[in-house]
Amino acid sequence: MSQNAFTNAMAQLEKAVKILNLDENIFEQLKQPQRILTVSIPVKMDSGKIKTFTGYRVQYNNARGPFKGGIRYHWNVNEDEVKALAFWMTMKCATVGIPLGGGKGGVIVNPKELSSGELERLSRGYVRALYKYVGSDQDVPAPDVYTTPQIMGWMLDEFEKMTGGHAPGFITGKPLSVGGSEGRGFSTAQGGVYALEQAVQKKGLNPQGTTVAIQGFGNAGSHMARILNKKGYKIVAVSDSKGGVYNQDGIDPAKAEEIKKGGGMLGCYCLGSVCSLDKMPKDGKCRFVSNEELLELDVDVLVPAALENQITVDNAEKIKAKIIAELANGPTTPEADEILFKKGVLLVPDILTNAGGVTVSYFEQVQNSYNYYWTENDVLEQLKKIMEDSFEAVWQRKEKYNVDMRTAAFVLAVERVAQAMKDRGRV
Ligand code: GLU
């Protein structure tokens, strides 16, 4: 069993390669990124002391377009993780057919320990270290775990200082005031909802009252809870890094959001106020659940919306959900995939489910390049079409090859990347 995200990513690739009987020379090139950049970022802390952070940018494959992918700020960031995430971006953009390649960035940092000023200096430092290698036609960053529109705004400003002139298409997920797109803030979740709705239909479930557990209450997970709740799904569990809450009668996402904003633990939801660990209810209709317990709840739909390697060989057998919609990147290991497939769980993979984020990033770049901005309705209409068409394209391959949806999505993505590589004469 591997907890190395890149090893897992390569195992996923290999499955698709075998089915496609892919040209060896293409496979060889897909096993490594085209470029790995590692930089040191010295930051003057508020204390006056300099602290040096390590940053990465992995440029995986640009056969279909400029490298594209977010920047993650997390204490567990490492080169192999960024490589895996950059590879998944390559596959993701190809799955939904947008003309972009794949890349990813990361900084080893706990952003919760930094002041706003320190965070700004770190973000500007990241761009100063890498600006020569990125840009709208080279490599286009965006937000990821613990990075925000504000951080994108600082990065844009620094990039324009270094290069001169306006270059809004250098980065996506920006605030609206500097060229961001309507809908980008919740597009990962919205895309996930469009994909999930297709899966719910295929399984013959009635959305009204379908129960959902969501692991992760960050940007993706919290918007997913809000949108699904509005559509009549019953959110029965949500969690964040401090643990979660289960409520048999359903959770009001707005109330959960309030608790989180107040710095409280989601488990306090049952008491309706901020509380301490010892006061948290541990059994009954409304109770505290750990992140591990949440995954094994008896629900219709499970949405992992946090980090990698959550569903593994250790817990896959115990999963009760009928559908898993992967809003996080890489939440399920290849071994777990096999167990879930045998159990008949319909797993909608990350490279499809969470592709709404990068799809609206692409729309953002399109708007930047012709300096004309769409309404939220325009954005959502286009997003819905891409998500539904992509779901169908993946589904067809699932049927054709009798494989799980992840393998089917990889087959589709690898077909498309391979075609571009061939057409460029890279073989
Ligand atoms: N970080 C997001 C993802 O993993 C969005 C990437 C982007 O918009 O470029 O898909």
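As the structure is a prediction and not an experimental result, all values here were calculated from the model. Counting starts at 1 for both ligands and their atoms, in listed order.
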*Sort out for me which residue in Lys231, Lys384, Lys202 forms a salt bridge (Lys or Arg N to Asp or Glu O under 4.0 Å) with Glu197.*
Lys231
*Can you find a side-chain donor-acceptor pair between Gln34 and Asn62 that sits under 3.5 Å?*
yes
*asked:* Once you restrict to heavy atoms under 4.0 Å, what part of Gln365 touches ligand 1? Side chain, backbone, both or neither.
replied: neither
*asked:* Considering non-hydrogen atoms of the protein only, which is the closest contact for atom 8 (O) of ligand 1, and what is the distance?
replied: Ser361 OG, 2.5 Å
*What orientation do Tyr60 and Phe6 show, parallel under 30°, tilted 30 to 60°, or perpendicular over 60°?*
tilted
*Atom pair CD (Glu317) and OG1 (Thr312), whose distance is rounded to the nearest 0.5 Å*: 11.5 Å
*asked:* Please work out, at 4.0 Å between heavy atoms, whether the side chain, the backbone, both, or neither of Thr188 comes within that distance of ligand 1.
replied: neither
*State plainly whether the residues Glu338 and Lys342 are in salt-bridge range, i.e. N to O under 4.0 Å.*
no
*Report yes or no: does Gly173 have a heavy atom closer than 4.0 Å to ligand 1?*
no
*Would you call Pro143 a ligand 1 contact, heavy-atom distance under 4.0 Å?*
yes
_Checking contacts here: is it the side chain or the backbone of Arg184 that comes within 4.0 Å of ligand 1, counting heavy atoms only? Could be both or neither._
side chain
*Going by the order shown, which atoms of ligand 1 are within less than 4.0 Å of some heavy atom of Gly69?*
9 (O)
*Would Asp157 and Lys174 pass as an ion pair if we require N to O under 4.0 Å?*
no
*With a 4.0 Å cut-off, would you call Lys51 and Glu118 a salt bridge?*
no
*Which ligand 1 atoms are under 4.0 Å away from a heavy-atom of Met89?*
3 (C), 4 (O), 6 (C), 10 (O)
*At the 4.0 Å heavy-atom cut-off, does Lys92 count as touching ligand 1?*
yes
*Counting only heavy atoms not in Lys44, do more than 12 sit closer than 6.0 Å to its NZ atom?*
no
_Heavy-atom nearest neighbour in the protein, as seen from atom 7 (C) of ligand 1, with distance rounded to 0.1 Å_ = Ala142 CB, 3.3 Å
_Distance-only N or O hit between ligand 1 and Lys68, under 3.5 Å_ = yes
*Would Lys31 count as a cation-pi partner of Phe27, with NZ or CZ less than 6.0 Å from the six-membered ring centre and within 45° of the ring normal?*
yes
_Within ligand 1, which atoms have a heavy atom of Lys104 less than 4.0 Å away?_
1 (N), 3 (C), 4 (O)
*Atoms in ligand 1 with a heavy atom of Asp144 nearer than 4.0 Å*: 1 (N), 2 (C), 4 (O)
*asked:* If the cut-off is 4.0 Å to any non-hydrogen atom of Val358, which atoms of ligand 1 fall inside it?
replied: 7 (C), 8 (O), 9 (O)
